[in-house]
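Shown next, in structure tokens, is the structure this report addresses.
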Amino acid sequence: GANLKVILTAEEEVRVQRRFNQLNRCGNTVKIDQVALMQMNRDVRDCKQAYLPTHQSATELVIDTSNLSVQDVKKAIYRALQEKKVAINI
């Protein structure tokens, strides 16, 4: 069967806030501007990776998670799997 590549995105401010919250929950004391800088550096590294697609193919699903809950993201992926008749290999 066909494979489905899922690419999750979010607005920069949302990604920074999520990472900031995650680090603080784990006991790391960081400032939001430090997290923003770390995120920017990661984005620069990621843009240089050869595995990143230059265009979206029929088997790719890009989901902007900026305003979605985890449950909403799961539902969107599940719907896409059903629509594209993709086998789920877990």
Side-chain angles (χ1 to χ4, degrees):
N3 290 322
L4 179 68
K5 182 175 186 176
V6 178
I7 300 169
L8 302 178
T9 65
E11 295 171 2
E12 182 179 347
E13 298 82 15
V14 172
R15 292 172 47 238
V16 168
Q17 186 65 52
R18 287 176 180 168
R19 182 68 174 147
F20 175 78
N21 294 343
Q22 178 187 33
L23 289 169
N24 280 296
R25 276 193 308 273
C26 293
N28 296 300
T29 305
V30 292
K31 295 181 180 178
I32 194 93
D33 58 332
Q34 292 173 306
V35 176
L37 181 59
M38 288 187 296
Q39 194 70 45
M40 184 184 69
N41 289 336
R42 179 180 174 182
D43 289 348
V44 168
R45 274 193 322 271
D46 287 352
C47 285
K48 295 177 182 178
Q49 297 298 318
Y51 66 85
L52 291 175
T54 55
H55 64 282
Q56 184 177 348
S57 73
T59 58
E60 288 178 352
L61 173 65
V62 178
I63 301 173
D64 183 344
T65 66
S66 298
N67 298 306
L68 299 177
S69 68
V70 172
Q71 195 63 25
D72 291 337
V73 173
K74 288 179 182 180
K75 288 178 185 176
I77 294 169
Y78 184 74
R79 277 194 307 272
L81 290 169
Q82 289 179 317
E83 290 171 8
K84 296 181 184 294
K85 298 183 183 0
V86 175
I88 302 173
N89 296 319
I90 300 176

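A quick note: this is a predicted structure, and the numbers were derived from the prediction, not measured.
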Exercise. Should Arg18 and Thr65 be marked as a side chain to side chain donor-acceptor pair (under 3.5 Å) after you check the CA-CA gap, both sets of side-chain angles, and the distance that decides it?
Worked result: CA-CA 11 Å; Arg18 287 176 180 168; Thr65 66; 2.9 Å; yes
Problem set entry | Stepwise side chain to side chain donor-acceptor pair (under 3.5 Å) test for Arg25 and Gln22 | CA-CA 5 Å; Arg25 276 193 308 273; Gln22 178 187 33; over 6 Å; no
For this session: Go through the steps for Val16 and Met38 under the test side chain to side chain contact (heavy atoms under 4.5 Å, CB included), then give the verdict.
Result: CA-CA 9 Å; Val16 168; Met38 288 187 296; over 6 Å; no
Exercise. Where do Thr9 and Val62 land on the side chain to side chain contact (heavy atoms under 4.5 Å, CB included) test, with the steps shown first?
Worked result: CA-CA 7 Å; Thr9 65; Val62 178; 4.0 Å; yes
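Counting side-chain heavy-atom gaps under 4.5 Å among Ile, Leu, Val, Met, Phe, Trp and Tyr, the cluster of Met40 also holds Leu37.
A pairwise comparison of heavy atoms in Asp64 and Ala10 identifies OD1-CA, 3.5 Å as the closest pair. When all heavy atoms of Val30 and Phe20 are compared, the closest pair comes out as O-CE1, 3.1 Å.
Among the candidates Thr29, Val35, Asp33, the single residue satisfying the side-chain contact (heavy atoms from CB on, under 4.5 Å) test with Lys31 is Asp33. Remark: of the listed residues Ile77, Ile7, Asp72, Ile77 is the sole one forming a side-chain contact (heavy atoms from CB on, under 4.5 Å) with Ile63.
Hydrophobic clustering, with ILVMFWY side chains joined whenever heavy atoms are under 4.5 angstrom apart, groups Leu81 together with Val73. The hydrophobic clustering, which links ILVMFWY residues whose side-chain heavy atoms are closer than 4.5 Å, places Leu68 and Leu8 together.
Residues satisfying the side-chain hydrogen bond (donor to acceptor under 3.5 Å, both in side chains) test with Asn28, not counting sequence neighbours, are none. In terms of the side-chain hydrogen bond (donor to acceptor under 3.5 Å, both in side chains) criterion, Glu13 has no residue partners (sequence neighbours excluded). In this structure, the salt bridge (Lys or Arg N to Asp or Glu O under 4.0 Å) partners of Asp43, at least two apart in sequence or on a different chain, are Arg15. By the salt bridge (Lys or Arg N to Asp or Glu O under 4.0 Å) test, Arg79 is found to be paired with no residue, residues two or more places apart in sequence or in another chain being considered. Judged as a side-chain hydrogen bond (donor to acceptor under 3.5 Å, both in side chains), and not counting sequence neighbours, Glu11 has no contacts.
Rounding to the nearest 0.5 angstrom, the gap separating the CG atom in Leu61 from the CD atom in Glu83 is 9.0 Å.
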